[in-house]
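For reference, the structure discussed in these notes is given below.
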There are 2 protein chains.
Amino acid sequence: MRRTRFATDECPVARSVEAVGDWWSLLIVRDAFAGKGRFGEFQTSLGVAKNILTVRLRKLVADGVLELVPASDDSAFKEYALTGRGRGLLPVIVALGQWGCTSSPFKPVDRKTGKRVRLEFRSEGGRKLTPDDVQLVPASGT
Amino acid sequence: MRRTRFATDECPVARSVEAVGDWWSLLIVRDAFAGKGRFGEFQTSLGVAKNILTVRLRKLVADGVLELVPASDDSAFKEYALTGRGRGLLPVIVALGQWGCTSSPFKPVDRKTGKRVRLEFRSEGGRKLTPDDVQLVPASGT
DNA sequence: CCGTATCCATTCCGATACTG
DNA sequence: CAGTATCGGAATGGATACGG
């Protein structure tokens, strides 16, 4: 029963971990943000075995991260599209990307201006904080 | 040779994925941010098998996320502490936490004011953006 | 207390072959 | 193109026993 435990873990990080499943899922989500939606696109992009991809996609759909929609170009097929919940994962992707390195094949930009976007910590007052300004405290709701 | 491929992947997300390894590592990092540092603390907190924990800690140290430092209370033992690189993972943890849910055993606060901190997308001009305002574009460096 | 070493079950992953 | 089915190898994970 390995890591099923995480699904009911009280920590949202752990539950996110469980929901997204494994890293394949996250890379699929990354590709989805990059505009990919077809089974073959994911398969080519990730080089993952097709059976694994099938399982991952199914899980992502079951978890409400992706949904199957009619393909835009060819009505005979379906496409995988991010749900609202799925789009909520963008900060995770961007945070990983920012941590990974600077030069990236995918960069986040403002949809309107096309300018570079970054993830920042902001206090309630709106003040920009560095990671060192931030600490994780044990709890007390919200 | 499974997923070793990711280590040389050009995408920083994929490389982060490889560096952090698996979800255990991320949960260890989460605990480290929460002030934990001793082997036993991780072991108790995560309920992970000790041999697995050993491997994960070793990998995190090798990847420069954690480092071994003399224990503060008992000089006979060592503690695992986040490196600068490791502290850079905080946005990832917080992003996962924000996505996971609202009520959390760990919340990020401003170290100085104690007030709630959130991760936000900001354009270069400083304007706050929603995830829907942001798109991932294929590349062109930095 | 802090690991290491071993054993075993489960799972993951990749390759391949096959269907519609 | 979009999967499904099966197979074997590798890695993960848990439990336990052992040593510094």
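Numbered from 1 within each chain, the chains take letters A, B, ... in sequence-line order.
Taking 4.0 angstrom as the limit, Trp24(B) places none of its side-chain polar atoms (N or O) nearer than this to OP1 or OP2 of dT12(D). The phosphate of dG3(D) (OP1 or OP2) has no side-chain N or O of Thr54(A) nearer than 4.0 angstrom. Contact annotation: Arg38(B) reaches the phosphate of dC2(C) (side-chain N/O to OP1 or OP2, under 4.0 Å).
When each of dG14(C), dG13(D), dC1(C) is scored by its nearest atom to the side-chain atoms of Val48(A), the top-ranked nucleotide is dG14(C). Of all nucleotides listed (dT4(C), dC13(C), dC18(C)), dT4(C) comes nearest to the side chain of Lys50(B).
Distance, Leu46(B) CG to dA15(D) P: 14 Å, rounded to whole Å. At whole-Å resolution of the value, CD in Gln43(B) and C1' in dT16(D) are 12 Å apart. Rounding to whole angstrom units, CD of residue Glu41(A) and C1' of dG3(D) are separated by 15 Å. Residue Ile28(B) contributes atom CD1, which lies 14 Å from atom C1' of dG3(C) at whole-angstrom precision. Between the CZ atom of Phe39(B) and the P atom of dT4(C) there is a distance of 7 Å, rounded to whole Å. Computed from coordinates, the Ile52(B) CD1 to dA5(C) P distance equals 14 Å when rounded to whole Å. Atom CZ in Arg58(A) sits roughly 12 Å away from atom C1' in dA5(D) (whole-Å rounding). In this structure, Lys78(A) places its NZ atom 9 Å from P of dG3(D), rounding to the nearest Å.
The partner of dA2(D), taking Watson-Crick or G-U wobble pairs whose two distances both stay under 3.5 Å, is dT19(C). dC2(C): no Watson-Crick or G-U partner with both key distances under 3.5 Å is found in any strand.
Among the atoms of the strands shown, only primed sugar atoms or phosphate atoms (P, OP1, OP2) are found under 4.0 Å from some heavy atom of Tyr80(B).
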Criterion side chain to side chain contact (heavy atoms under 4.5 Å, CB included) on Leu26(A) and Leu96(A), from CA distance to verdict: CA-CA 10 Å; Leu26(A) 210 52; Leu96(A) 280 168; 3.3 Å; yes
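A donor-acceptor contact shorter than 3.5 Å is absent between the side chain of Gln43(B) and the backbone of Phe39(B). Looking at Arg111(A), its side chain does come within 3.5 Å of a backbone N or O of Val134(B) through a donor-acceptor pair.
No donor-acceptor contact under 3.5 Å links the side chain of Asn51(B) to the base of dG3(C).
Under the 3.5 Å distance criterion, with hydrogens and angles disregarded, a donor-acceptor pair is assigned to the side chains of Ser45(A) and Asp31(A). Under 3.5 Å, the side chains of Asn51(B) and Thr54(B) contain no donor-acceptor pair of N or O atoms.
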